[in-house]
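Start at 1 and go down the list; that is how both ligands and their atoms are numbered. Computed from a predicted model, the values in this text were never measured in an experiment.
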Amino acid sequence: MAFLEVSNITRRFGGLVALNAVSFDVEKGEILGIIGPNGAGKTTLFGVISGFIPPSSGNVVYDGESIIGVSPDRLVRRGLMRSFQIVQSFADMTALDVVTTAALTRRPMREAIDYAAQALLRVGLGGKEHKTPATLSLQDKKLLELAKCIATDPRCILLDEVMAGLTMAETAAPIAIIEELNKQGVTIVMVEHVMPVIMRLAQRMVVINFGEKIAQGTPDEILKDQRVVDAYFGDHLDA
Ligand SMILES: Nc1ncnc2c1ncn2[C@@H]1O[C@H](COP(=O)(O)OP(=O)(O)OP(=O)(O)O)[C@@H](O)[C@H]1O
Ligand SMILES: [Mg+2]
């Protein structure tokens, strides 16, 4: 049995079928990449897996149990954590407050603050603890999303475009953090448009187009798949 099993997930928004019977497995310890054009349904898929969006039908099994209907908070306590594509910030909260809130899902307050500070150090945001997220650069906002994930002691993280908008040089830090987390045994599912990055990090890829899975395989297999080239790579190979 795989660590995460997505089976026949369909999600409709009114008349729009954002996800249509999408199925795939994620093995413990792997890095799975998910790609697909804008509007393909990738963020909706993460919303479903992480408990934010109920599916119209289908099932998700995490660590041997169905998690449909389980709240995001409870899933985080079970080690399933997601990042947000649109970096969320709350007025008046500092970076340390934001990461402490994440750490509090798993730890009492006195430990959570220290743990959050360590997570910020680990992503290279030491010294920026007291800034508000709105004043951080895009790269630092993305690193803050990673710190939030780290602070929850995840076993599996869903990363939604943590490289988007960064220069290739700026991607080095998040790449190193993701590789290190994975080495420590964290299973990673990542949506990314930055092709050289996802091709390098992912051991396996799933391709979604108009809400449907159109291909899966190793990065090499995906590059050679004509359906994928037609649906996606025309625009993104040299991104
Ligand atoms: N809450 C919602 N209500 C109505 N439609 C929605 C909602 N969320 C997403 N959609 C629609 O579902 C489709 C899939 O959106 P989604 O954000 O999952 O795509 P995506 O693959 O993450 O795109 P991108 O690469 O631009 O981030 C889009 O057509 C989007 O407009
Ligand atoms: Mg998205």
Quiz item: Could Lys142 and Glu145 be called an ion pair, given the rule that one side-chain N must be under 4.0 Å from one carboxylate O?
Solution: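 Glu145 and Lys142: not salt-bridged.
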Quiz item: Do NZ/NE/NH1/NH2 and the carboxylate oxygens of Glu180 and Arg122 come within less than 4.0 Å?
Solution: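 Counted as a salt bridge, because a side-chain N and a carboxylate O are separated by less than 4.0 Å.
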Self-check item: Val99 versus Ala147, closest heavy-atom pair with distance
Solution: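 Smallest interatomic distance, heavy atoms only, reads CG1-O, 3.8 Å.
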Quiz item: With a distance cut-off below 6.0 Å to the six-membered ring centre and an angular limit of 45° from the axis, does Arg82 pair with Phe46 as a cation-pi contact?
Solution: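 Geometry flag: not set, cation outside 6.0 Å or 45°.
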Quiz item: Can you list, by chain and residue number, every protein residue with a non-hydrogen atom closer than 4.0 Å to ligand 1?
Solution: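 Shell around ligand 1 (4.0 Å, heavy atoms): Phe13, Leu16, Ala18, Pro37, Asn38, Gly39, Ala40, Gly41, Lys42, Thr43, Thr44, Gln85, Glu161, His193.
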Quiz item: Picking from Arg155, Glu5, Arg78, what satisfies side chain to side chain contact (heavy atoms under 4.5 Å, CB included) with Asp63?
Solution: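 The option that passes is Arg155.
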Quiz item: For the Mg ion (ligand 2), does an N/O/S atom of Asn38 lie at less than 2.8 Å?
Solution: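 Given the 2.8 Å cut-off, Asn38 does not count as a ligand of the Mg ion (ligand 2).
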Quiz item: Do Thr94 and Asp97 meet the criterion of a side-chain donor-acceptor pair at a distance under 3.5 Å?
Solution: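 Result is yes, a qualifying pair exists.
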